[in-house]
There are 2 protein chains.
Amino acid sequence: MNASAAVAPVENVTLWERVYAHLREQILSNALSPGTVLSEVPLAVSLGVSRGPVREAIGRLAAEGLVTVRPRRSAIVSTLSQEEFLQAYQVREALETLAIRLAVPNLSDEDLDRIDDIVTRQAEAVERDDIARFFALNSEFHQLFVDQSHNAPLQDMYRQLIGHMGRYLMRSLALRGTVRRSIAEHRAIARACRTRDPERAERLLRNHIRVPQRRLEAANNEEVLLKR
Amino acid sequence: MNASAAVAPVENVTLWERVYAHLREQILSNALSPGTVLSEVPLAVSLGVSRGPVREAIGRLAAEGLVTVRPRRSAIVSTLSQEEFLQAYQVREALETLAIRLAVPNLSDEDLDRIDDIVTRQAEAVERDDIARFFALNSEFHQLFVDQSHNAPLQDMYRQLIGHMGRYLMRSLALRGTVRRSIAEHRAIARACRTRDPERAERLLRNHIRVPQRRLEAANNEEVLLKR
DNA sequence: GGATCGCAAACTGTTGACAACAGACATTTG
DNA sequence: CAAATGTCTGTTGTCAACAGTTTGCGATCC
C-alpha cells in the first residue's frame with residue numbers, strides 16, 4: 001500500500017462546513033448582494049438541512065464580518081460603506097507590501113515564470129474584452145505574493161480582508177480607468193521580482209495599489225461617487 | 001422630555017456571547033493554556049448552560065483562530081509555534097505602522113496628554129517592579145494608535161492579531177531585555193506625535209517593534225529558545 | 001509475552017421542539 | 001384624525017435527544 005494517506009480529505013467535511021462554503025461563495029460572487037436577509041429556516045429548507053448547521057455557518061460568516069447579526073433578528077449580508085472600503089484599501093496596501101517584501105526572496109524560477117504567465121494572460125484577456133477573466137487573473141497575481149510570503153498569519157488576514165473587499169473590487173477596477181496601465185505596472189513588478197529587488201517591488205506594488213485608492217478618494221471628495 | 005433615549009442598552013447579550021467572552025478571557029489570560037482540550041459537555045455543565053451556546057462560542061473562537069477544531073474531535077486551545085509567532089510580529093509591524101501613520105493627524109490634545117500619562121505610569125510601574133501593570137499599559141499604548149486611526153477594518157484585524165499574540169507577549173517582553181529602553185522609545189514616539197510628524201513616529205514605532213522581533217530571531221537561530 | 005481484534009464508553013454532529021422576543025398590523029381612545 | 005395600545009405572526013435563542021464516529025481498554029490469539 002503506498003503512503004498516499006490524506007491527499008484528498010475524503011469529503012469528510014461536516015454539514016455546516018458545506019453550508020458555510022456555499023454561502024461564502026454566494027456572497028463573494030455577489031449572488032447574495034449586500035443587505036440580503038439570511039433567515040435560518042428558509043435557508044435550511046432550501047439547502048435540505050436543519051437549522052443547526054445553517055446557524056453555525058452564519059455564525060462563522062459573522063465572525064468573518066461577511067454578515068452582521070442583530071440579536072433576535074435575522075442576519076443580513078454586510079454592507080461596506082465607501083469610507084470603510086477606502087479604509088480597507090489602506091490595510092490591503094500594508095498587508096500586500098509586507099507580503100511582497102517577504103515573498104521576493106522566496107520566489108522560485110517557476111514562480112517567476114508563473115508571474116509572467118499571469119500578466120501575459122491578463123493582456124490576452126483584455127484583448128478579448130474578457131473583464132471577468134482579467135479580474136480573476138488580477139486576484140491571482142496579488143494572491144501569489146501572499147502565498148509565497150510563507151507567513152500563515154498574514155495569509156489568514158489577507159484572506160479575510162479580500163473576503164470583505166472582493167465583492168466591491170469589480171467597481172474599484174472600473175474606477176481604475178485604464179487596465180493597460182495596470183498591466184504595465186504588473187510587468188514592472190514582475191521585473192523587480194526577477195532582479196530580486198524586494199524594495200523596488202514593494203515600492204511599485206504600493207503605488208500600484210494606490211492608484212484606485214486615490215481615484216476613490218477623489219470620487220469621494222467630489223461627491224459624485226457611485227452612491228448606493 | 002429630553003432625548004436621553006438609549007443611554008444603556010439593558011445588557012441584552014445572548015448566552016453564547018457571554019460564554020464566548022468568558023472563554024476568550026480565559027484563553028487570553030492564559031488561564032486556559034495552549035493545548036487544553038475544550039469538550040463541549042463538561043464546559044456546558046460547568047457554566048450551567050446547554051451545549052448549544054458553548055458550541056456557538058467555540059465556533060467563534062475557532063473562526064478567530066484561538067482554538068482549533070478537528071472534526072469529530074474536541075477543540076483544543078491553539079498553539080502558536082515560535083515561527084508563527086515571529087511571522088505574526090511581522091504582520092503586527094505592518095498594521096501598527098499603518099495605524100500610527102493614520103492616527104497622528106487625528107490625535108487631539110487630550111490624546112497626546114493621555115499618551116504621556118501612559119508612559120509616565122509605565123515608568124512608575126517599572127519602579128515598583130509591577131510587570132503585569134507595565135504590560136497592560138504597554139498594550140494600552142499601542143492600542144491607542146489603532147483606536148485613533150479611525151479605521152474600522154484595521155481595528156478588527158489588530159484585535160484578532162493581538163488575540164493570537166497576546167498570550168505569548170509576556171514572554172517576548174521578557175526577551176526584550178531592558179524595559180527602560182522600551183519606555184525611552186515610547187517617549188520618543190510620544191514626542192514625534194506632539195510635533196505631528198507621522199513619518200518620524202512611524203519610523204520610531206517600526207524600530208520599537210523590531211527590537212523583540214530581532215531578539216526572537218536571534219534566539220531562534222541559536223536554538224537556545226525557550227522551547228515550549 | 002506481544003500484538004491484534006473487538007467491544008464499550010464518551011464525545012461530537014445533527015435534528016426537532018419549545019419559549020421568548022421583535023416588528024407589524026389592527027383597534028381603540030383622546 | 002392622530003397617537004397609543006394590544007394582539008399576532010414570524011423568527012431567533014436555547015434545550016434535550018438521537019445517531020454516528022472515534023478512542024481507549026481488555027480479551028484473545030499467535
Side-chain angles (χ1 to χ4, degrees), chain A residues 1 5-6 8-24 26-27 32 34-79, chain B residues 1-24 26-27 32 35-78:
Chain A
M1 183 188 302
V10 201
E11 194 79 31
N12 184 15
V13 287
T14 62
L15 256 190
W16 73 260
E17 280 183 80
R18 273 189 281 185
V19 175
Y20 165 78
H22 174 73
L23 287 181
R24 189 169 203 272
Q26 295 278 310
I27 293 176
L32 290 173
T36 306
V37 298
L38 296 178
S39 297
E40 295 178 2
V41 177
L43 272 177
V45 297
S46 83
L47 296 176
V49 298
S50 173
R51 265 183 60 207
V54 172
R55 188 180 176 77
E56 192 117 350
I58 290 181
R60 294 297 182 108
L61 292 171
E64 220 173 324
L66 286 181
V67 308
T68 59
V69 293
R70 292 130 40 208
R72 311 280 176 191
R73 202 117 20 95
S74 291
I76 64 174
V77 179
S78 298
T79 306
Chain B
M1 183 192 301
N2 65 15
S4 68
V7 287
V10 204
E11 190 84 30
N12 184 16
V13 286
T14 63
L15 255 189
W16 74 259
E17 281 183 78
R18 273 188 283 184
V19 176
Y20 165 79
H22 174 73
L23 288 181
R24 189 171 204 271
Q26 296 278 311
I27 292 176
L32 290 173
T36 307
V37 297
L38 296 179
S39 298
E40 296 178 2
V41 178
L43 272 178
V45 295
S46 83
L47 295 176
V49 298
S50 173
R51 269 182 57 207
V54 172
R55 189 178 174 78
E56 192 116 347
I58 290 181
R60 295 296 180 108
L61 292 171
E64 223 174 321
L66 286 181
V67 309
T68 59
V69 294
R70 295 126 48 211
R72 312 278 176 190
R73 206 136 359 117
S74 291
I76 63 174
V77 179
S78 298

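Convention: sequence-line order gives letters A, B, ...; per-chain numbering from 1.
- The nearest whole Å value for the distance from the CD1 atom in A:Ile58 to the P atom in D:dG13 is 9 Å.
- A:Gly52 comes within 4.0 angstrom of a base, heavy atoms only.
- Taking 4.5 Å as the limit, every side-chain heavy atom of A:His22 sits out of range of all side-chain heavy atoms of A:Arg18.
- Distance A:Leu38 CG to D:dT11 C1': 13 Å, rounded to the nearest Å.
- For the pair B:Leu66/B:Leu23, no side-chain contact is recorded, criterion being any heavy-atom separation below 4.5 Å from C-beta on.
- To the nearest angstrom, P of D:dG13 lies 14 Å from CZ of B:Arg18.
- Side-chain atoms of A:Arg51 come within donor-acceptor range of the base of D:dG13, with a qualifying N/O pair under 3.5 Å.
- Across the protein-nucleic acid pair, B:Glu40 atom CD and D:dC15 atom P stand 13 Å apart, rounded to whole Å.
- Atoms OH (B:Tyr20) and P (D:dG13) sit 16 Å apart, rounded to a whole Å.
- Between D:dT11, D:dT14, D:dG13, one nucleotide has an atom nearer to the side chain of A:Ser39 than all others, and that is D:dT11.
- Residues A:Arg70 and A:Ile76 meet the side-chain proximity criterion, which asks for heavy atoms closer than 4.5 Å.
- Side chain of A:Thr36 to backbone of A:Val77: no donor-acceptor contact under 3.5 angstrom is found.
- Proximity of A:Ser74 to the phosphate of D:dT12: a side-chain N or O atom is located under 4.0 Å from OP1 or OP2.
- Mapped onto DNA chain C by nearest heavy atom, B:Pro42 and A:Trp16 fall at different nucleotides, with B:Pro42 at the one closer to the 5' end.
- Atom CZ of A:Arg70 is separated from atom C1' of C:dA20 by 18 Å (rounded to the nearest Å).
- We find the CH2-CZ distance between A:Trp16 and B:Arg55 to be 8.5 Å, quoted to the nearest 0.5 Å.
- To the nearest angstrom, P of D:dG20 lies 14 Å from CG of A:Leu15.
- In this structure, B:Arg55 places its CZ atom 15 Å from P of D:dC15, rounding to the nearest Å.
- Contact annotation: B:Arg73 reaches the phosphate of D:dT23 (side-chain N/O to OP1 or OP2, under 4.0 Å).
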